[in-house]
Amino acid sequence: MNTIGDQTEMTLRGQLRALLVQDWHTLRELSQLVHVSEKELISHLEHLRHANRAGETVFEVDAPLCLHCGFHFTARKRLQAPGRCPQCRSTRISKARYRIVQKSR
């Protein structure tokens with residue numbers, strides 16, 4: 001399990017930022033690490049994504065992939081998981097992963 005210091009003194013978004021700087025994480029992993037529902041985390045991740053636009057870091061998304069036909073959801077803007085594949089209608093879709101990295105100069 002990843003440790004991010006004294007979590008009691010950090011805000012939820014601070015905890016999320018610290019975790020995402022360390023490594024890739026799925027929504028489920030983040031939910032378990034910070035003890036907040038996946039549904040609630042989406043708005044916090046959206047905030048982190050928009051807050052990183054002008055800073056020295058980049059919010060990266062490893063897009064979901066259809067496990068049936070291989071369709072890659074690269075053009076998807078929403079952080080919520082897709083319900084099914086637009087090509088084959090399969091619901092077997094991998095989880096998106098998120099991280100924060102330093103901008104290259």
Side-chain angles (χ1 to χ4, degrees):
M1 181 171 169
N2 293 331
T3 58
I4 57 172
D6 186 11
Q7 292 183 355
T8 58
E9 295 182 15
M10 293 181 76
T11 64
L12 176 58
R13 289 184 182 155
Q15 292 176 34
L16 290 172
R17 174 179 272 292
L19 288 166
L20 293 172
V21 166
Q22 290 177 4
D23 199 7
W24 288 101
H25 290 284
T26 65
L27 204 53
R28 176 164 288 158
E29 291 168 349
L30 291 171
S31 173
Q32 292 172 346
L33 290 169
V34 297
H35 308 290
V36 176
S37 72
E38 292 180 34
K39 188 174 184 178
E40 185 180 337
L41 282 180
I42 291 170
S43 65
H44 294 291
L45 290 177
E46 287 285 354
H47 178 83
L48 287 174
R49 179 168 68 172
H50 292 295
N52 280 310
R53 286 185 180 176
E56 297 177 2
T57 57
V58 178
F59 185 90
E60 293 185 343
V61 178
D62 182 18
L65 177 75
C66 176
L67 300 174
H68 184 260
C69 74
F71 179 79
H72 205 233
F73 290 83
T74 55
R76 186 172 176 86
K77 300 292 183 213
R78 290 185 284 168
L79 296 179
Q80 266 181 302
R84 58 183 165 177
C85 176
Q87 285 188 343
C88 71
R89 300 292 187 214
S90 173
T91 57
R92 295 184 54 230
I93 298 171
S94 69
K95 303 290 183 196
R97 298 183 313 153
Y98 313 98
R99 74 174 176 175
I100 296 175
V101 296
Q102 291 292 324
K103 283 185 181 175
S104 58
R105 295 189 178 228

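What you are looking at is a predicted structure, and each value in this text was computed from that prediction instead of being measured. Values reported hereafter were calculated over all heavy atoms of this structure, with side chains retained and with hydrogens, waters and symmetry mates removed.
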**Study point:** Short side-chain to backbone donor-acceptor contact, Glu40 and Ser37, under 3.5 Å
**Key:** no
Check your understanding: Is a side-chain N or O of Thr57 found less than 3.5 angstrom from the main chain of Val101, in a donor-acceptor match?
Key ->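 Here the side-chain-to-backbone pair does not exist.
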Measuring from atom [atom1] of [X] to atom [atom2] of [Y], what distance do you get when rounded to the nearest 0.5 angstrom?
X: Gln87; Y: Cys66; atom1: CD; atom2: SG; value: 8.0 Å
X: Arg17; Y: Phe59; atom1: CZ; atom2: CZ; value: 10.0 Å
X: Arg28; Y: His25; atom1: CZ; atom2: NE2; value: 15.5 Å
X: His72; Y: Cys85; atom1: NE2; atom2: SG; value: 12.0 Å
X: Glu29; Y: Glu38; atom1: CD; atom2: CD; value: 10.0 Å
X: Leu33; Y: His35; atom1: CG; atom2: NE2; value: 7.5 Å

With the side chain counted from C-beta on, respond yes when [X] and [Y] share a heavy-atom pair under 4.5 Å apart, and no when they do not.
X: Ser90; Y: Cys69; value: no
X: Leu79; Y: Leu41; value: no
X: Leu27; Y: Ile42; value: yes
X: His68; Y: Thr91; value: no
X: Phe71; Y: Ile93; value: no

Practice item. Could you walk me through whether Leu45 and Tyr98 pass side-chain contact (heavy atoms from CB on, under 4.5 Å), step by step? Key: CA-CA 9 Å; Leu45 290 177; Tyr98 313 98; 4.1 Å; yes
Review point. Side chains of His44 and Arg13: do they bring a donor and an acceptor to under 3.5 Å?
Key: yes
Membership question, hydrophobic clusters at under 4.5 Å side-chain separation (ILVMFWY): are [Y] and [X] in the same one?
X: Leu12; Y: Leu20; result: yes
X: Leu16; Y: Val21; result: yes
X: Ile100; Y: Trp24; result: no

Review point. Yes or no on side-chain contact (heavy atoms from CB on, under 4.5 Å) for Ser31 and Val36, after CA distance, side-chain angles and deciding distance?
Key: CA-CA 5 Å; Ser31 173; Val36 176; 5.6 Å; no
Exercise for review: List the steps, then state whether side-chain contact (heavy atoms from CB on, under 4.5 Å) holds for Leu19 with Val34.
Suggested key: CA-CA 9 Å; Leu19 288 166; Val34 297; 3.8 Å; yes
Revision key, fill the gap. Here the salt bridge (Lys or Arg N to Asp or Glu O under 4.0 Å) pairs for residues 57-77, sequence neighbours left out, are Glu60-Arg99, Asp62-Arg97
